[in-house]
Amino acid sequence: MTDQTEPRRLSPDELRTLFLFESLTDEQLGWLSEAGYVEEVHDGIVFNEGDEATCCYVLLSGEIRLCKLSHGELVEINRTGQRGVYSGAFNAFFGANDHKSYTATMQVTQPSEFFVISAETMATMMNTWFPMAVHLIEGFVMGMRRTNETLGERERLLALGSLSAGLTHELNNPAAAAVRAAATLRQRVSGMRSKLAMLADGTLDATKLHQIVALQDDAVERLEKNKDKDVPPLELSDREDTLTDWLDDHDVQASWDVAPVLAQAGLDVPWMEEVLTAVGPKYLEGAVRWLMYTIDTESLMNEIDDSVTRISTLVGAAKQYSQIDRAPYQTVDLRELLKSTLVMMSGKLQGYQIVKEFDPELPAIPAYAAELNQVWTNIIDNAVSAMGGSGTLTLRTRRDGAYAVVEIGDTGPGIPEEIRRRIFEPFFTTKPIGEGTGLGLDISWRIVVKKHHGDLRVESEPGRTVFKIVLPLEPERELESDPALLA
């Protein structure tokens with residue numbers, strides 16, 4: 001920029017040739033002529049995105065380009081040489097307490113000349129000459145902002161309500177299973193006490209009791225080895241039939257009730273012969289019942305353990321998702337955040353194939369964890385809605401230089417090209433009325449771009465839609481290296 005001790009002014013007649021001022025009175029033009037000044041810029045940047053907005057620039061001659069920061073690079077959004085176009089602090093007349101910064105970076109592509117009005121001058125001019133217009137515009141802007149904030153909160157609450165309902169359902173299943181298993185376990189323990197009294201009534205010598213205990217331990221060990229094996233139903237049925245026949249041959253009552261429990265534990269006829277040898281025919285019935293109760297009890301305890309572990313996992317995922325008891329800004333593992341979101345949304349993901357391709361070498365990054373979880377939730381929810389009941393949801397993480405990349409893809413019908421550029425606009429939605437507010441992707445964009453200085457983009461074609469969330473690995477270093485990010 002040139003350094004002029006006494007800046008050049010524009011006359012009222014020259015100002016009237018600019019479409020922005022053509023309707024002003026002679027008195028207003030005279031005041032503005034004294035308040036503003038002409039500034040020449042030969043090359044380079046006029047102002048940076050994020051800098052304090054101190055001036056409004058009206059182009060008199062030359063050419064400008066406006067750029068926005070995306071993924072660490074300046075992306076051109078407009079280029080013009082039209083005389084009279086303006087940029088900068090043109091909204092300086094809004095509330096005095098409202099922090100204002102340049103929303104884009106403006107450069108000149110050739111020597112250019114501007115009529116410059118300071119933010120204070122713009123505020124005084126608008127509030128003095130057009131007070132009603134200022135009230136109307138400010139009311140409209142503030143109203144839109146409040147509406148946006150209110151609906152944004154509603155969007156968060158709706159998402160939270162949906163997740164809470166899903167979490168409650170997921171918690172209910174293992175909790176109910178644990179309650180049922182505990183009730184049955186009480187009955188089995190009672191039966192064991194009864195059979196123990198029969199076996200130890202004084203007529204069974206200590207050696208045989210030790211043998212039964214050894215067989216009991218062996219039965220539990222076999223159960224542990226077989227619990228994760230997927231035995232074909234036909235093979236299991238054949239085991240049960242063989243054991244039923246053996247039990248009937250040895251006068252064991254209700255063999256149909258005992259055989260399935262023994263077969264599930266992997267016990268067979270040779271093993272039952274060992275029991276017969278150990279206790280003899282007289283005590284076989286009591287010993288078999290004792291062993292059945294032992295196996296049943298162990299199975300029930302395994303079921304309770306699995307159920308409680310599932311509950312603990314769900315609670316842990318909920319804490320990870322909501323970031324309870326954690327600092328808002330912290331170093332986080334993106335893979336863990338994605339996993340906790342999948343657990344929280346598991347109720348919605350029934351019927352879908354989930355593919356996880358997580359880079360094990362991806363480093364942790366500083367971030368607002370709870371807000372990133374909201375981003376994953378919004379995008380996954382849209383993907384599920386697009387696929388309509390079946391399809392493949394793919395989550396992928398990778399490193400791209402100084403950035404971490406999270407990709408969330410679906411196999412839905414895709415986003416038509418004519419609306420793709422609008423999906424991040426507030427209130428824009430393709431869902432039926434009442435099913436969406438159109439703020440999910442807008443909120444996600446603001447969290448990723450504004451709060452984390454990253455980038456959010458989409459690639460889409462029929463059968464493949466991928467949202468890419470790009471986050472800096474070291475945001476502090478990026479902010480230091482590029483002041484335009486300090487918005």
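A 4.5 Å side-chain heavy-atom check between L441 and V458 finds every atom pair outside the cut-off. Side-chain atoms of R8 and Y37, non-hydrogen and from C-beta on, never get closer than 4.5 Å to each other. For the pair I469 and W376, the minimum side-chain heavy-atom distance is below 4.5 Å. For the pair E14/F115, no side-chain contact is recorded, criterion being any heavy-atom separation below 4.5 Å from C-beta on. Taking 4.5 Å as the limit, every side-chain heavy atom of F21 sits out of range of all side-chain heavy atoms of Q28. Considering only heavy atoms from C-beta on, W31 comes within 4.5 Å of M125 through its side chain. Considering only heavy atoms from C-beta on, M387 comes within 4.5 Å of L393 through its side chain. Looking only at side-chain heavy atoms (C-beta outward), I447 and H452 come within less than 4.5 Å of each other.
Contacts of E417 classified as salt bridge (Lys or Arg N to Asp or Glu O under 4.0 Å), with partners at least two apart in sequence or in another chain: none. In this structure R396 satisfies the salt bridge (Lys or Arg N to Asp or Glu O under 4.0 Å) test together with E357, E407, sequence neighbours excluded. Considering only residues two or more places apart in sequence or on other chains, R464 meets the salt bridge (Lys or Arg N to Asp or Glu O under 4.0 Å) condition with E459.
With Y352 contributing its side chain and G389 its backbone, the two residues share a donor-acceptor pair below 3.5 Å. Judged by distance alone, with hydrogens and angles left aside, the side-chain atoms of K451 form no donor-acceptor pair with the main-chain N or O of A367 at under 3.5 Å.
Exactly one residue among V406, I380, I379 makes a side chain to side chain contact (heavy atoms under 4.5 Å, CB included) with F467. That residue is I379.
The local environment of OH in Y86 is sparse, with at most 12 non-hydrogen atoms from other residues, nucleotides or ligands closer than 6.0 Å.
The two residues S340 and L337 make their nearest non-hydrogen contact at OG-O, 2.8 Å. Here the closest non-hydrogen pair linking T80 and E63 is O-CG, 3.3 Å.
Between Y368 and Y329, the ring planes lie tilted relative to each other; the angle falls in the 30° to 60° range.
Between D26 and R16 there is a salt bridge, since a side-chain N of the basic residue sits under 4.0 Å from a carboxylate O of the acidic one. Salt-bridge formation is not detected for the pair R399/D359: no Lys NZ or Arg NE/NH1/NH2 atom is positioned less than 4.0 Å from an Asp or Glu carboxylate oxygen. Contact check on R9 versus E34 returns no salt bridge, with no Lys/Arg side-chain nitrogen under 4.0 Å from an Asp/Glu carboxylate oxygen.
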With side-chain contact (heavy atoms from CB on, under 4.5 Å) as the test, would you mind laying out the steps for I443 and V375 before giving the verdict?
CA-CA 8 Å; I443 291 171; V375 173; over 6 Å; no
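Taking CG from D13 and CG from L29, the interatomic distance works out to 8.5 Å, rounded to the nearest 0.5 Å.
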